[in-house]
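Order of the sequence lines fixes the chain letters, A, B, ..., with proteins taken first and strands second; residue numbering starts at 1 for each chain.
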Amino acid sequence: MSYNFKKIESKWQTFWEKNKTFKVNENNGKLKYYVLDMFPYPSGAGLHVGHPLGYIATDIVARYKRMKGFNVLHPMGWDAFGLPAEQYAIKTGTHPKETTKKNIDNFRRQIKMLGFSYDWDREINTTDTVYIKWTQWIFLQLYKKGLAYEADKPVNWCPELKAVLANEEVVDGKSEMGGHPVYRVPMRQWMLKITDYAESLLAGLDEVDWPQSVKELQRNWIGRSEGADVDFPVENTHKTISVFTTRPDTLFGATYMVLSPEHPFVDELTIASQKEPVKKYQKIASRKSDLERGELNKEKTGVFTGSYAINPVNDEKIPIWIADYVLMSYGTGAIMAVPGEDQRDWDFATEFDLPIIRTVKVPDDYDGDAYTGDGPAINSEFLNGLYIHDAKKKMIEWLETEKKGKGSVRYKLRDWLFSRQRYWGEPIPIIHYNDEIKPLKDSELPLVLPEIEKFEPSGTGESPLVNIKEWVEIKNDEGEVIGLRETNTMPQWAGSCWYYLRYIDPANIEQPWDKDKESYWMPVDLYVGGAEHAVLHLLYARFWHHVLHDLGFVSTREPFKKLFNQGMILGEDGSKMSKSRGNVINPDEIVDEFGSDSMRLYEMFMGPLDKAKPWNTKGLQGCSRFINKLWSKVCSNGGISTDITEDAPNDETVKLLHQTIKKIGDDIENLRFNTAISQMMIFTNHLITLDNVPKSVLEAFVKMLAPFTPHVAEEIWEYLGHNETITYESWPEFDETLSKEDLITIAIQVNGKLRADINMAANSDKEDILSSAKENKRIKLYIEGKEIIKEIYVPGRLVNFVIK
RNA sequence: GCCGCGGUGGUGGAAUUGGUAGACACGCCAGAUUUAGGAUCUGGUGCCCAUCGGGUGUGAAGGUUCGACUCCUUUCCGCGGCACCA
């Protein structure tokens with residue numbers, strides 16, 4: 001008979017809620033453990049079974065750590081600003097606030113249904129007025145530190161969405177959401193100087209326990225390059241073009257220069273006869289999207305300006321070209337071209353018949369174009385014979401002595417475009433007066449969004465807020481307009497940049513968080529979420545945290561000590577779960593049919609947490625069967641089964657119990673839930689064979705079950721005569737001596753092939769085992785009459801006879 | 001093109017420092033029970049040949065080793081990210 005999971009699960013969820021079982025405070029003298037989920041954006045579609053995967057994992061860790069005696073902070077909240085609610089508002093006129101509330105209610109219901117041990121008193125919502133206040137406050141801290149500035153930037157303008165999109169929201173020239181075309185248009189924007197923190201963000205990666213792949217992604221994104229800035233005087237002018245190169249050793253091979261078409265010197269350097277083609281080229285380049293300039297257009301194009309620069313190392317006259325393969329946004333927007341050592345320059349030089357000089361000796365069998373490998377320098381006067389590393393060093397020394405350049409470091413990382421032309425985001429707390437801009441005072445925060453009825457952005461691409469005169473216009477006592485509020489709002493990333501800090505002190509109205517509480521709880525010990533946030537969210541949040549640290553508001557440099565990315569759950573067909581494929585599994589239906597304990601168990605049993613794996617409802621039935629098997633062994637008719645006795649357990653049971661304690665504990669610590677569950681199954685399969693199940697053994701086992709299947713564990717715990725929740729029971733102690741086998745199986749190999757195995761007492765010594773092995777009658781057949789040239793003994797495992 | 005990760009039965013996946021490959025579960029096969037079953041229980045199940053038994057086997061090919069899923073070299077395939085970053 002199947003256990004009544006519906007009754008049990010709702011009973012315990014009500015119990016936990018009523019008793020505030022998971023409420024947590026700071027002052028209890030325990031060691032803290034902060035386990036955090038990436039909070040969700042509550043979409044209209046609700047959860048599918050993939051969403052709670054990480055939440056199940058962290059819940060297991062949270063419950064386990066509580067039983068290990070830690071004071072566990074495990075909160076949940078809502079990242080509730082965002083484009084979908086605003087688009088829905090544009091379409092239907094429904095205020096984003098209403099949509100958001102409805103979606104949150106549904107998400108909360110679905111999440112609660114799975115029996116997570118969140119402290120719901122700490123629930124936060126990035127769109128709450130009090131929350132906005134502190135998001136704005138942090139922005140002002142950045143502003144005051146000189147890290148926020150306005151600039152005209154070409155932005156991704158999407159006419160269809162009537163919104164400006166961040167680079168990360170544009171995929172292949174189309175909007176990530178909806179796939180509408182996106183164009184480059186310059187517009188006044190707020191920027192955050194994340195580039196000032198490039199080095200700090202890079203260095204911090206060495207301190208954290210994160211997946212290697214995520215660290216690598218962030219390192220690539222920051223993109224640190226070491227090299228030199230070199231100054232090239234322009235012939236017949238007083239101008240100098242500065243270039244960045246990672247290969248100062250190749251300076252003798254620089255046979256021409258290239259400026260980006262947007263480079264400020266282009267006009268001045270273009271001689272009269274070249275004006276027309278240059279202008280034309282600039283125009284074409286400006287119309288190209290980044291995509292066209294890049295991927296679609298690997299053939300090199302460019303135009304000669306007519307001017308020449310002087311190579312500072314040998315005073316050679318070299319032509320200055322413009323070409324769109326040089327980007328204004330990296331380095332100095334100009335390069336020295338060394339076609340012999342750089343394939344892009346080679347391609348360009350070949351296209352336009354420019355000279356090529358090799359500066360590194362190529363191997364004899366080399367038949368490629370540009371040579372990027374190492375070798376002794378040639379054609380390079382004082383560098384000749386030096387290998388790249390030394391040649392670079394020597395050239396930088398020379399440049400610095402001659403004052404013609406210097407060693408330099410550049411980053412690919414760009415400043416963060418922080419403004420959005422939308423309604424549904426935190427207003428940027430800035431007022432524009434005639435010639436100056438002023439931030440709001442702390443006392444004027446929060447600056448809340450005005451109530452509006454029309455959500456369409458103004459056709460100009462500005463946010464719908466520009467049309468709300470009574471909100472935008474700042475008047476003096478005479479009623480004259482003296483200032484205008486900033487109408488840009490913050491991107492969705494803003495709220496998620498610091499939410500983990502607000503959980504620490506969610507109700508504080510005096511400060512964003514209390515300092516003592518912050519230093520008690522931080523850093524986050526374990527942070528689990530999707531790999532799609534590997535760069536942006538995690539880089540932005542780290543950036544804010546580093547700034548807050550420099551300002552003395554937080555106690556740690558890095559916010560997230562250990563990071564883990566859960567993998568995706570695919571549809572039963574092995575492809576990504578999506579509405580359009582029709583392969584979405586809805587957790588409501590699963591919970592209704594099998595219960596949330598079964599669903600939790602199955603999702604953890606499917607495979608390693610970080611791997612993508614397909615859903616299989618049959619597999620879930622196996623987990624459901626496991627719970628039922630255990631239930632029907634230990635429970636009957638609303639009470640405990642008569643099989644449960646006060647007898648002492650037999651040796652085998654004790655041994656298996658202690659092996660299980662060890663395995664499950666180790667596995668949870670390492671987030672290997674699938675193998676922990678497999679051990680629970682092995683243990684249960686053993687329990688079922690027993691006529692008498694010792695109560696002490698069952699109690700220990702139920703405790704280990706509790707983090708995984710908390711409802712049924714509470715129920716059995718109660719059946720066993722306990723009045724208190726199992727939540728704070730202590731985790732079973734592992735005793736190594738009790739877990740040891742007294743009989744061991746030794747595999748016996750002959751020439752590396754398994755030929756027999758023998759059972760030996762665990763304390764047998766090498767001599768006993770070797771002689772028993774030789775006496776084994778199957779082994780005898782192999783070794784008789786042969787010479788044993790080697791005997792290998794691996795203690796407790798195997799014997800290998802090497803014979804001739 | 002560059003960087004990172006991964007290829008193990010029909011399926012999801014297990015395998016301390018190199019030491020009995022395939023734990024656990026699904027599926028399948030056989031049997032029991034049942035009016036019936038997408039229920040439950042028992043047994044079997046990598047592949048090949050066979051009666052015991054033997055051979056073979058972790059994408060492919062080499063190598064190191066008494067012994068390799070594990071280490072090294074080459075190569076193929078899949079996934080994720082970046083992409084003219086000088």
Side-chain angles (χ1 to χ4, degrees), chain A residues 1-2 211-221 223-225 227 243-247 250 258 260 290-291 293-295 297-300 323-327 329-338 341-345 347-348 410-414 531-532 534-535 565 567-568 570 574 601-602 605-608 610-623 625-626 628-629 632 666 672 674-685 688 745-757 778 788-803:
Chain A
M1 191 192 68
S2 168
Q212 209 45 49
S213 61
V214 177
K215 289 194 192 186
E216 216 39 50
L217 242 43
Q218 293 215 349
R219 285 191 189 109
N220 291 343
W221 190 264
R224 185 182 199 273
S225 293
V243 303
F244 173 67
T245 176
T246 54
R247 292 293 302 277
T250 65
V258 186
S260 158
D290 278 356
L291 184 75
R293 270 177 83 150
E295 188 177 356
N297 198 8
K298 293 281 186 192
E299 309 97 69
K300 297 287 178 284
D324 65 5
Y325 81 95
V326 175
L327 309 174
S329 50
Y330 183 73
T332 61
I335 62 159
M336 63 178 214
V338 186
E341 315 302 322
D342 183 295
Q343 190 59 41
R344 295 159 299 181
D345 296 345
D347 294 341
F348 191 87
R410 299 275 172 172
Y411 303 90
K412 281 201 284 187
L413 184 69
R414 311 289 154 81
E532 65 273 20
V535 177
N565 295 126
M568 228 184 307
L570 308 170
L601 200 63
Y602 173 59
F605 184 61
M606 289 173 83
D610 56 346
K611 295 279 175 335
K613 54 241 156 193
W615 180 269
N616 177 358
T617 301
K618 282 268 168 52
L620 182 137
Q621 282 169 7
C623 289
R625 205 172 292 156
F626 159 76
N628 270 303
K629 256 199 302 200
S632 46
D666 287 354
R672 291 188 304 240
N674 54 331
T675 50
I677 292 167
S678 138
Q679 185 65 32
M680 295 180 353
M681 287 172 170
I682 291 169
F683 190 76
T684 300
N685 289 343
I688 283 167
T745 304
I746 304 284
I748 305 167
Q749 300 180 335
V750 178
N751 281 347
K753 285 193 201 284
L754 180 68
R755 294 303 180 187
D757 43 40
R778 283 182 39 83
I788 297 180
I789 43 180
K790 205 166 178 185
E791 297 174 345
I792 290 139
Y793 172 61
V794 182
R797 293 217 167 247
L798 63 69
V799 171
N800 187 11
F801 295 116
V802 184
I803 62 168

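Between A:Tyr602 and A:Cys623, the shortest heavy-atom contact is CA-SG, 3.5 Å. When all heavy atoms are compared, the tightest approach of A:Gly607 to A:Asn674 is C-ND2, 3.6 Å.
Looking at heavy-atom distances under 4.0 Å, A:Thr745 makes contact with a base. Note on A:Pro211: nothing from the nucleic acid sits closer than 4.0 angstrom, heavy atoms only. Residue A:Asn674 is in sugar-phosphate contact alone, with no base atom involved, counting any heavy-atom pair closer than 4.0 Å across all strands shown. Contacts of A:Leu798 with the nucleic acid, taken as non-hydrogen atoms under 4.0 Å apart, include base atoms. As judged by a 4.0 angstrom heavy-atom cut-off over every strand, A:Gln212 is placed among residues making no nucleic acid contact. Nucleic acid contact for A:Ala612: sugar-phosphate only, since backbone atoms but no base atoms lie under 4.0 Å from a heavy atom of the residue.
One finds no side-chain N or O of A:Ser213 lying less than 4.0 angstrom from the OP1 or OP2 phosphate oxygen of B:rC3. OP1 or OP2 of B:rC79 has not a single side-chain nitrogen or oxygen of A:Lys611 nearer than 4.0 Å.
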Once base and sugar-phosphate atoms are separated, protein heavy atoms under 4.0 Å mark nucleotides 24-31 of chain B, 5' to 3', with B, S and - as BSSS----
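In the set B:rG19, B:rC3, B:rA86, B:rC3 carries the atom at the smallest distance from any side-chain atom of A:Glu216. Side-chain proximity of A:Arg778 to the nucleotides B:rC3, B:rC66, B:rG53 is greatest for B:rG53. In the set B:rA86, B:rC3, B:rG4, B:rA86 carries the atom at the smallest distance from any side-chain atom of A:Val326. Distance from the side chain of A:Arg797 is smallest to B:rG19 among B:rG19, B:rU56, B:rG12. The side chain of A:Pro608 lies closest to B:rA14 when the candidates are B:rG81, B:rA86, B:rA14. Out of B:rA86, B:rC84, B:rA14, the shortest distance to the side chain of A:Asp324 is found at B:rC84. In the set B:rG67, B:rG81, B:rG4, B:rG67 carries the atom at the smallest distance from any side-chain atom of A:Asn800.
Position along RNA chain B of the nearest nucleotide to A:Lys613 versus A:Ala747 favours A:Lys613 as the more 5'-ward residue. Take the nearest nucleotide of RNA chain B for A:Thr245 and for A:Val535: the residue whose nucleotide is more 5' is A:Val535.
Look at the P atom in both B:rG59 and B:rC24: the space between them is 22 Å, to the nearest Å. On the C1' atoms, B:rG46 is 29 Å away from B:rU40, given to the nearest whole Å. Atom name C1', nucleotides B:rU16 and B:rU33: the rounded distance is 44 Å, in whole Å. Taking atom C1' in both B:rA15 and B:rG9, the straight-line distance is 15 Å, to the nearest Å. Between the P atoms of B:rA60 and B:rC28, the separation comes to 29 Å (whole Å).
In this structure B:rC71 sits in a base pair with B:rG63, meeting the Watson-Crick or G-U test at under 3.5 Å. In this entry B:rG1 has B:rC82 as its Watson-Crick or G-U wobble partner, both defining distances falling under 3.5 Å. Using Watson-Crick or G-U wobble geometry with both donor-acceptor distances under 3.5 Å, B:rG38 finds no partner in any strand shown. Across all strands shown, B:rA50 forms no Watson-Crick or G-U wobble pair with both key distances under 3.5 Å. B:rC26 and B:rG10 make up a base pair, with Watson-Crick or G-U wobble contacts both under 3.5 Å.
Within the 4.5 Å cutoff, side-chain heavy atoms of A:Asn685 are placed close to those of A:Lys629. Residues A:Val802 and A:Asn751 form a side-chain contact, since some pair of their non-hydrogen atoms from C-beta on lies under 4.5 Å apart.
Because its NZ or CZ atom is both nearer than 6.0 Å to the ring centre of A:Tyr325 and within 45° of the ring axis, A:Lys300 counts as a cation-pi partner of that residue.
Side-chain polar atoms of A:Lys790 and A:Asn800 form no donor-acceptor pair below 3.5 angstrom.
Here CD of A:Gln679 is found 12.0 Å from CZ of A:Arg672. Values are rounded to the nearest 0.5 Å.
Put simply, the side chain of A:Lys300 and the base of B:rC84 share a donor and an acceptor less than 3.5 Å apart. For B:rU20, the base has no donor-acceptor partner in the side chain of A:Arg755 [N/O atoms by modelled type, under 3.5 angstrom].
Anti is the classification of B:rG6, since its glycosidic angle lies more than 90° from 0.
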Any chance you could lay out the side chain to side chain contact (heavy atoms under 4.5 Å, CB included) test for A:Ile792 and A:Gln749, step after step, and finish with the verdict? CA-CA 9 Å; A:Ile792 290 139; A:Gln749 300 180 335; over 6 Å; no
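Side-chain atoms of A:Arg755 do not come within 3.5 Å of backbone N or O of A:Arg778 as any donor-acceptor pair.
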